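Reading through the structure tokens given below for one structure.
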Amino acid sequence: MASLLFFSLGLILCSSAVLAKKGDVIEIKDSNWNDVLEGEWMIKFYAPWCPACHRLQPEWNEFADWGEDLNLNIAKVDVTAQPGLSGRFIITALPTIYHCKDGVFRKYQGSRTHKDFISFISEREWEAIEPVSSWVGPDSFLMSGMSALFRLSMWIRQCHNYFVEDLSIPVWGSYIIFGLMTLLLGLILGLILVFVADFLCPSKRHRPQGYQYPIPADRKKAEDEQMEEVVNDFENAKLGDKESSDVPQDKLRKRTAKS
């Protein structure tokens, strides 16, 4: 009797564990977002303060119960906690839902009930949606840079809150600190650019002895034509002087012959 009781209890626990696993919604963060590049995913972007996101939550949780049957991973992203992902996916409205199949992203624009979600996957309705272009895709270099900018902006905001709330620095004092940091960073970057430019294109005093500056082809041709004209003018002038000096000598010879 006791063994039967333990067996029944174990069966109940296993069943509840399976159901819990089946209805799980995966939390996507900056650290594990690359997981969505493999397999099939539906990803919801939300914010805790968003009323529309709260209305969607029960439908999304019910949709998650079908994840195992559809061979689908169902996930969510809190944009307030993951600003990098908000920038990577260019989230401009909440809630926003993306479908991802083996690294190809499509934005879901349909109705937001769990039945519509199930139909969208089971009937492969996502194939009729144009995928996000690869050069602005979440895994592209451009969007990686955008993600870094969003994380930087969040870090700056956290620093501002730390200065104002924890250190009791006035708001204008925090602005002055960020202004000085911006000037210092600009000075450092400017010096780095000067060193790089001087290394790639050294100034005249740093050129090696006898260095010949490269002359553009059209400029060299014009200089050659100009030099040729100068030489021709000089030769013509020289020839004219010689002819003018030969005339008196001929006349002198004639006079000598008559005498």
Side-chain angles (χ1 to χ4, degrees), residues 27-37 43-50 53 75-98 100 103-107 131-220:
E27 184 80 24
I28 299 297
K29 302 179 180 179
D30 280 314
S31 57
N32 66 342
W33 90 269
N34 285 323
D35 294 343
V36 306
L37 300 178
I43 311 167
K44 176 189 71 171
F45 292 82
Y46 73 100
W49 47 262
C50 171
C53 299
K76 61 181 180 179
V77 178
D78 183 357
V79 296
T80 61
Q82 306 297 327
L85 292 178
S86 175
R88 187 179 292 276
F89 285 83
I90 308 296
I91 303 302
T92 57
L94 293 173
T96 297
I97 299 173
Y98 272 93
C100 179
V104 180
F105 294 87
R106 293 174 172 86
K107 193 172 183 179
V132 177
S133 178
S134 59
W135 69 277
V136 291
D139 57 338
S140 66
F141 177 78
L142 179 63
M143 292 299 101
S144 297
M146 186 68 69
S147 173
L149 288 177
F150 271 66
R151 290 198 300 269
L152 177 61
S153 65
M154 180 58 69
W155 178 80
I156 292 175
R157 182 178 179 181
Q158 291 173 353
C159 289
H160 173 73
N161 292 335
Y162 174 74
F163 291 153
V164 174
E165 296 175 3
D166 296 347
L167 300 182
S168 299
I169 296 176
V171 175
W172 57 266
S174 176
Y175 291 157
I176 290 176
I177 293 174
F178 281 112
L180 293 175
M181 290 175 61
T182 303
L183 290 175
L184 180 61
L185 182 61
L187 178 62
I188 294 173
L189 292 177
L191 289 174
I192 292 174
L193 290 176
V194 169
F195 290 145
V196 171
D198 193 55
F199 175 78
L200 296 177
C201 303
S203 58
K204 185 175 180 180
R205 65 175 181 274
H206 293 146
R207 301 266 186 187
Q209 193 80 17
Y211 179 85
Q212 296 292 333
Y213 285 90
I215 301 177
D218 54 347
R219 181 181 171 186
K220 188 174 186 303

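The structure displayed is predicted, hence computed values, not measured ones.
Contact annotation: the side chain of Val79 never approaches that of Tyr46 to less than 4.5 Å [non-hydrogen atoms, C-beta and beyond]. Asp30 has its side chain within reach of Leu85: a pair of non-hydrogen atoms, C-beta onward, lies under 4.5 Å apart. Considering only heavy atoms from C-beta on, Val132 stays 4.5 Å or farther from Lys107 through its side chain. Residues Ile91 and Val77 have side chains not in contact (no heavy-atom distance under 4.5 Å, counting atoms from C-beta outward). Within the 4.5 Å cutoff, the side chain of Trp33 has no heavy atoms near those of the Gln82 side chain. With a 4.5 Å cut-off on side-chain heavy atoms, Pro138 and Tyr98 do not count as touching. At least one side-chain heavy atom of Ile90 sits under 4.5 Å from a side-chain heavy atom of Met143.
Interatomic distance, Ile188 CD1 to Leu193 CG, rounded to the nearest 0.5 Å: 12.0 Å.
Across Cys100 and Gly103, no two heavy atoms sit closer than the pair SG-N, 3.7 Å. For Cys53 against Ala47, the heavy-atom pair with the smallest separation is SG-N, 3.7 Å. For the pair Ile28 and Ala75, the tightest heavy-atom approach, listed with the atom from each and the gap, is CG1-CB, 3.5 Å. In this structure, Arg88 and Ser144 approach most closely via the heavy-atom pair NH1-OG, 3.3 Å. Arg106 approaches Val104 most closely through the heavy-atom pair NH1-CG1, 3.7 Å. Closest approach of Pro48 to Asp78, counting heavy atoms only: CD-OD1, 3.3 Å.
Using cut-offs of 30° and 60° for the angle between ring planes, the Phe89 and Phe105 rings count as perpendicular.
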